[in-house]
Amino acid sequence: MSNAKKSRTIKVDYMARVEGEGALFLKIRDGKVSDVKLKIFEPPRFFEAFLRGRKWTEAPDITARICGICPIAYQSSSISAMESIVGAKIDGPIRELRRLVYCGEWIESHVLHMAMLHAPDFLGYEDAIQMAKDHPDVVKNALRLKKIGNELMTVVGGREIHPINLRVGGFYRTPTKKQLLAMRDDLLWACDASVALTKLVSTFEFPDFERDYEFVAMRHPGEYPLWEGRLVSNRGLDIPIEDFFKHFEEEHVKHSTSLHSFVKLRGAYHVGPLARFNLNFDRLTPRCRELAQEIGVTPPCTNPFKSIVVRGFETLYACEESLRIIESYEEPEKPFIELAPRAGRGHGCSEAPRGICYHTYAIDDNGVITDARIAPPTAQNQRTMEEDLAAFVPRHADLPDDKLTWRCEQAVRNYDPCISCSCHFLRLHVDRD
Amino acid sequence: MAAAHKPKLAVWKFASCDGCQLSLLDCEDELLAVADAVEIAYFPEATRAVVKGPYDVSLVEGSITTSHDAERIQKIRKQSKCVITIGACATSGGIQALRNFADVAEYTKYVYASPGYISTLAASTPISSHIYVDFELQGCPINKLQLVEVLNAFLHGHKPNVASHSLCIECKRRGIPCVMVAQGIPCMGPVTHAGCGSICPSYNRGCYSCYGPMETPNTASLAAWFGKLGTDRADVVRKFRTFYAGKDAYRKESERHEQR
């Protein structure tokens, strides 16, 4: 019946299993998408505005509150930005601990996304709790894996949501070697569990859908990127992070409280696990690369639905990297370096589970913030999500509304949209009439 | 006989970071048991399924910052037997209540290229400013074990066992030396609601009051102590004006120290 109709409207008023508030509006005319809007109705919270007048040392505690799923990303980027103002270079065990706590966030967020938010789509369940009835071991193992990520955040950061222990210059208190080694057995289990979860999700049926993206991610000379690196893309971009706004532009569109980002003169781009994987495959551990070869998902991977598999590789990476760090860790003499403010502007960027999170601040001689700009990952992916839908929907225009709606939601969940992230950022409306 | 009725749980979001509802998903050890004890009738962050109200328990996260949300919360109250607000945003207006001390039009212009597209209220307010609330669970983020306790209490009809004393008591119980007495670090602990487990003092830093004011806090006395420790007035204002800036006790104390 439905394919006999020339045009129709589908709307999803509230996207489920994404973090935050948004809607999707699609207008289909003669089987073609004539309009697609990812509507972000997360109310504005004005972080950049009220950061002005706060002390530079407060930024990590305050910006953490932009997102409950990836607070470390916000803390890391704001800390890097502040340290860059005074030219501080943090090395040794403190730098290692920063990577460790970030690995905890990757594990917690990736497993939440893979098992609780995304896998139910592929298996046809409304949620992970329903899925747990038929696949109890999958869900229980995923919960245990996620918990290990949260425990890393707690051991290093003090708690799993909005950690309290990260500061400009280092940490308030560093963990003992013994505390870290206590995580060793769990992490050994976690490596195997993440391999099993990755293999499982790789057997899902993926829509035959590829797009020619500009992938943007950080790139570090010797490491898979977390806290540091330059910004690179598969179309020749290779810049220091302080040049972010020379190459990227934000546009404020009417249907979104989140800004849309573009590469100047080129357009939409793609950040997140797929971008990191494609641009940094050589920096993964041998076990991750072997798993990727075995599964048959290797760069270039341009099917956004396979991001769930790539999250698996990155979960394994984060578990292996955590093991490496806790085994080689030596307790530092001091948990932080004392830094004095001086007037200037700084830039920070780190790889949130869902993509690059860029911050820039200006401070005065007393360390009071005078200007703040934050480009969160979801805002950067927003235009790409809309373009995915415009390309994806026509192939499925024959599906009845409820099935098409679910497909579209799934296409959006590829990105792990973390709508509250976009703070300055879903419902599906498909209009076929 | 009809089968025993499972209480229906709904989880609602307003302006927030989602961290407090995430706390429920972070109950890795308890999640499946909770899902067994209640019917998760509405929880968009976790499920597509929607069961119509009325609901036995509504958990509300986030603060009211738009006129649309001010209407939405009324509808939620009408279809909920009991409303529990969770987190600093829902119980005090949250960090976004910093706008209450500023000009929202200026904020909008600063953040957005086209301020005309943005519609927002001048103040961020807690849920209890709009509707009757049965219980408020404080914290930024809330403590997930306290959340399980509160849910359990409401399901079984007893009072939640959530302490209302100050953070100082938690420090004493844990044997953590007072960071203010021993190290001269300004600490919000004496006026802060217990519940986090005194994390910050155990990490050698002063509490920054992410659990908000305790019952009847003596803010003036603490502010005087900050003065003796050499904290300047602007810093005292900032200390009372973070995640619980919208709560009366903190708002008033912050205003007392503002330079005129």
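Treat the numbers as computed from the prediction; the structure is a model and nothing was measured. Order of the sequence lines sets the chain letters (A, B, ...), proteins ahead of strands, with each chain counted from 1.
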Enquirer: What part of B/Cys20 gets closer than 4.5 Å to chain A, counting heavy atoms only: side chain, backbone, both or neither?
Expert: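 Neither part, no heavy atoms under 4.5 Å.
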Enquirer: Which bit of B/Arg99 comes within less than 4.5 Å of chain A, counting heavy atoms only: side chain, backbone, both or neither?
Expert: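 Side chain only.
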Enquirer: Does any backbone or side-chain atom of A/Glu58 lie under 4.5 Å from a heavy atom of chain B? Answer side chain, backbone, both or neither.
Expert: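 Only the side chain of A/Glu58 comes within 4.5 Å of chain B.
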Enquirer: When you compare the side chains of B/Ser124 and B/Ser63, does any donor N or O come within less than 3.5 Å of an acceptor on the partner?
Expert: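 There is such a pair (donor and acceptor under 3.5 Å, judged by atom type) between the side chains of B/Ser124 and B/Ser63.
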Enquirer: I'd like to know whether B/Ser209 forms a side chain to side chain donor-acceptor pair (under 3.5 Å) with B/Tyr250, so could you lay out the CA-CA distance, the side-chain angles of the two residues, the decisive distance to 0.1 Å, and finally the verdict.
Expert: CA-CA 10 Å; B/Ser209 205; B/Tyr250 283 8; 2.8 Å; yes
Enquirer: Taking every heavy-atom pair that is under 4.5 Å apart, which of A/Val368, A/Asp371, A/Thr174 has the most such pairs with chain B?
Expert: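 Top count of heavy-atom pairs under 4.5 Å with chain B: A/Asp371.
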Enquirer: Can you tell which part of A/Ile62 gets under 4.5 Å to a heavy atom of chain B, answering side chain, backbone, both or neither?
Expert: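 Both parts, backbone and side chain.
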Enquirer: Can you tell which part of B/Ser114 gets under 4.5 Å to a heavy atom of chain A, answering side chain, backbone, both or neither?
Expert: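 For B/Ser114, the contact with chain A is made by backbone and side chain together.
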Enquirer: Would B/Glu45 and B/Lys13 pass as an ion pair if we require N to O under 4.0 Å?
Expert: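 No salt bridge links B/Glu45 with B/Lys13.
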Enquirer: Give, as side chain, backbone, both or neither, the part of A/Lys140 having an atom under 4.5 angstrom from any heavy atom of chain B.
Expert: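 Side chain of A/Lys140 only, per the 4.5 Å heavy-atom cut-off to chain B.
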Enquirer: Which atoms of B/Leu98 are under 4.5 Å from chain A, going by heavy atoms: the side chain, the backbone, both sets, or neither?
Expert: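 Side chain of B/Leu98 only, per the 4.5 Å heavy-atom cut-off to chain A.
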Enquirer: Would you say that A/Glu151 contacts A/Asp186 through its side chain, given a criterion of any heavy-atom pair below 4.5 Å between the two side chains?
Expert: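 Answer yes - side chains close enough.
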Enquirer: Measuring heavy-atom distances to chain B, does A/Arg54 have an atom under 4.5 Å in its side chain, in its backbone, in both, or in neither?
Expert: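 It is both, since atoms from each part get that close.
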Enquirer: At a heavy-atom separation under 4.5 Å, does B/Asp29 approach chain A through its side chain, its backbone, both, or neither?
Expert: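 Just its side chain gets close to chain A.
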Enquirer: Any salt bridge linking A/Arg413 with A/Asp121? Criterion: basic side-chain nitrogen under 4.0 Å from a carboxylate oxygen.
Expert: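 Salt bridge: yes.
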Enquirer: Measuring heavy-atom distances to chain A, does B/Phe243 have an atom under 4.5 Å in its side chain, in its backbone, in both, or in neither?
Expert: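 Side chain only.
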Enquirer: Sort out for me which of A/Pro136, A/Gly158, A/Gly53 touches chain B most, counting heavy-atom pairs under 4.5 Å.
Expert: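 Looking at each of A/Pro136, A/Gly158, A/Gly53 in turn, A/Gly158 comes out on top.
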Enquirer: Less than 4.5 Å to any heavy atom of chain A: does that hold for the side chain of B/Lys109, its backbone, both, or neither?
Expert: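 Neither part.
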Enquirer: According to the interplanar angle, ranging from 0 to 90°, do the rings of B/Tyr107 and A/Phe50 count as parallel (below 30°), tilted (30 to 60°) or perpendicular (above 60°)?
Expert: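 Taking A/Phe50 first and then B/Tyr107, their aromatic rings sit tilted (interplane angle of 30° to 60°).
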Enquirer: Name the region of B/Ala102, side chain, backbone, both or neither, that has any atom closer than 4.5 Å to a heavy atom of chain A.
Expert: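 Neither part.
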Enquirer: Knowing that exactly one of B/Ser16, B/Cys89, B/Cys210 qualifies, which makes a side chain to side chain contact (heavy atoms under 4.5 Å, CB included) with A/Arg65?
Expert: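 The passing option is B/Cys210.
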Enquirer: So, B/Tyr211 and B/Asn143: side-chain donor and acceptor under 3.5 Å apart, yes or no?
Expert: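 Their side chains do not contain a donor-acceptor pair, so the 3.5 Å distance test is not met.
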Enquirer: By a 4.5 Å heavy-atom criterion (distance strictly below it), what part of B/Ile40 contacts chain A: side chain, backbone, both, or neither?
Expert: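 Just the side chain, heavy atoms under 4.5 Å.
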Enquirer: Are B/Tyr203 and A/Phe171 side-chain neighbours, meaning at least one heavy-atom pair lies under 4.5 Å?
Expert: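 B/Tyr203 does not reach A/Phe171 side chain to side chain.
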Enquirer: Examine whether an atom of B/Leu32 lies under 4.5 Å from a heavy atom of chain A, and if so say whether it belongs to the side chain, the backbone or both; otherwise answer neither.
Expert: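 When you check distances to chain A, only side chain atoms of B/Leu32 fall under 4.5 Å.
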Enquirer: Taking atom types as modelled, find out whether B/Thr125 and B/His130 have a side-chain donor-acceptor pair closer than 3.5 angstrom.
Expert: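 Yes, B/His130 and B/Thr125 have a side-chain donor paired with an acceptor closer than 3.5 Å.
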